[in-house]
Amino acid sequence: MMGEDETSRYVKLTKAQVSSDEQDIEPGELNQAIPTSQLDIRTCNECGQALPESYQAPANEPWSTGIFGCCEDTDSCWTGLFCPCVLFGRNIERLRDETPWTTPCICHAVFVEGGMALAGVTACTYGIIDPRTTCLIWEGLFFAWWMCGIYTGLARQTLQRNYHLKDSPCDPCMVHCCMHWCALCQEHREMKSRLSDEAAMSMTVVNPPPVQEMTSRDHQEPTTTSEGNSKDGTSLEMRAL
């Protein structure tokens with residue numbers, strides 16, 4: 001026993017002395033799963049070795065159709081020719097599930113179709129508008145066209161990254177700047193064929209086991225017992241306790 005004159009070896013800490021990093025443990029907090037970095041390592045499908053975080057699969061898959069194969073799908077061909085904004089919106093909606101097709105469709109209609117309409121008006125009014133103003137309009141239209149080519153090229157690059165497709169025939173942004181309508185149709189055909197192939201993959205159907213029910217056979221036991229006893233010449237009476 002510790003005497004009264006002896007001082008305690010334990011010191012009670014105040015709130016000011018407690019470290020600010022400590023937090024109160026809430027009920028059930030200790031039962032939460034702890035993320036382990038060793039379990040999130042990507043492995044090779046063939047050899048099973050761990051892959052580094054910066055690893056990316058090589059983009060060497062060929063496209064299912066060529067850049068000039070627009071006639072292989074007449075629906076997307078006519079849509080891309082007369083309403084490219086609608087076709088672009090559908091492509092973006094398939095790439096990004098959370099983005100509705102109307103948002104990229106409106107953006108495409110304003111900048112691409114609107115720019116083409118402005119270019120047509122500027123060409124028809126040549127000689128009426130001041131030449132310096134016309135030159136500024138054409139410079140702005142060329143700049144807007146290259147910006148739209150970069151934006152649509154990024155969408156094509158996302159598609160290539162998802163399916164490991166190679167650059168065909170050249171850089172995605174350059175393809176959209178030079179062959180925008182053909183690129184839209186090719187991307188639509190590629191996603192359409194990929195999705196149809198995934199839907200047609202064979203799936204293993206596993207049927208659940210049949211439901212097993214336990215039925216009471218107490219009403220049959222007295223009958224069986226009475227029949228067995230009648231053969232022996234004895235009779236038994238069963239009463240419920």
Side-chain angles (χ1 to χ4, degrees), residues 40-113 115-116 141-204:
D40 299 334
I41 298 177
R42 295 188 303 171
T43 58
C44 179
N45 298 329
E46 297 181 359
C47 61
Q49 295 182 357
L51 300 175
E53 296 181 358
S54 59
Y55 173 78
Q56 293 183 358
N60 54 4
E61 291 290 333
W63 292 75
S64 60
T65 57
I67 188 69
F68 298 112
C70 301
C71 297
E72 297 182 13
D73 186 5
T74 55
D75 294 337
S76 63
C77 180
W78 290 112
T79 305
L81 180 61
F82 294 103
C83 299
C85 57
V86 176
L87 190 61
F88 177 72
R90 292 176 181 176
N91 294 346
I92 295 297
E93 186 180 27
R94 290 188 176 184
L95 287 175
R96 307 167 186 171
D97 297 334
E98 68 278 0
T99 303
W101 70 275
T102 53
T103 303
C105 176
I106 294 175
C107 295
H108 190 281
V110 171
F111 291 100
V112 178
E113 281 84 341
M116 294 178 60
L141 290 175
F142 277 114
F143 177 77
W145 178 259
W146 283 108
M147 290 296 101
C148 293
I150 293 174
Y151 175 71
T152 52
L154 293 177
R156 183 182 178 90
Q157 190 175 10
T158 303
L159 173 64
Q160 294 181 201
R161 191 183 303 111
N162 292 345
Y163 298 111
H164 310 294
L165 300 172
K166 60 182 180 181
D167 293 343
S168 177
C170 56
D171 183 76
C173 297
M174 187 62 64
V175 171
H176 272 278
C177 288
C178 301
M179 298 173 287
H180 179 65
W181 287 264
C182 296
L184 289 179
C185 296
Q186 185 189 25
E187 294 164 9
H188 184 80
R189 294 192 306 272
E190 188 68 27
M191 285 186 287
K192 185 177 179 180
S193 63
R194 296 278 180 173
L195 294 176
S196 61
D197 292 343
E198 293 176 1
M201 291 178 60
S202 59
M203 300 177 62
T204 303

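Taking CZ of Arg96 as the start and CD of Glu93 as the end, the distance is 12.0 Å to the nearest 0.5 Å. The line from CD1 of Ile150 to SG of Cys177 is 6.5 Å long, rounded to the nearest 0.5 Å. Here CD of Glu190 is found 11.0 Å from CG of Asn91. Values are rounded to the nearest 0.5 Å. Here the straight-line distance linking atom CD1 of Ile106 with atom CH2 of Trp101 works out to 8.5 Å at 0.5 Å rounding. In this structure, CG in Leu184 is found 5.5 Å from NE2 in His176, a value given to the nearest 0.5 Å.
Few gaps surround CE on Met179; more than 12 heavy atoms of other groups in view lie less than 6.0 Å from it. Dense packing is recorded around CE of Met147, with more than 12 heavy atoms of other residues, nucleotides or ligands lying under 6.0 Å away.
Met191 places none of its side-chain heavy atoms less than 4.5 Å from the side chain of Arg90. Contact check for Cys185 versus Glu72: no side-chain heavy atoms found under the 4.5 Å cut-off. The closest side-chain heavy-atom distance from His180 to His108 is below 4.5 Å. Residues Pro84 and Val112 form no side-chain contact, since every pair of their non-hydrogen atoms from C-beta on lies 4.5 Å or further apart.
Closest heavy-atom contact between Ser76 and Leu87: O-CD2, 3.7 Å. What you find for Ile92 and Ala155 is that their closest heavy atoms are CD1-CB, 3.6 Å. Heavy-atom minimum distance, Lys166 versus Trp63: O-NE1, 2.9 Å. What you find for Pro104 and Gly89 is that their closest heavy atoms are CG-CA, 3.8 Å.
Tested against Glu187 for a side-chain contact (heavy atoms from CB on, under 4.5 Å), the candidates Leu165, Leu95, Val175, Leu159 yield a single pass: Leu159.
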- Message: Would Gln186 and Arg189 count as a side-chain contact (heavy atoms from CB on, under 4.5 Å) here? Give the steps.
- Response: CA-CA 5 Å; Gln186 185 189 25; Arg189 294 192 306 272; 3.7 Å; yes

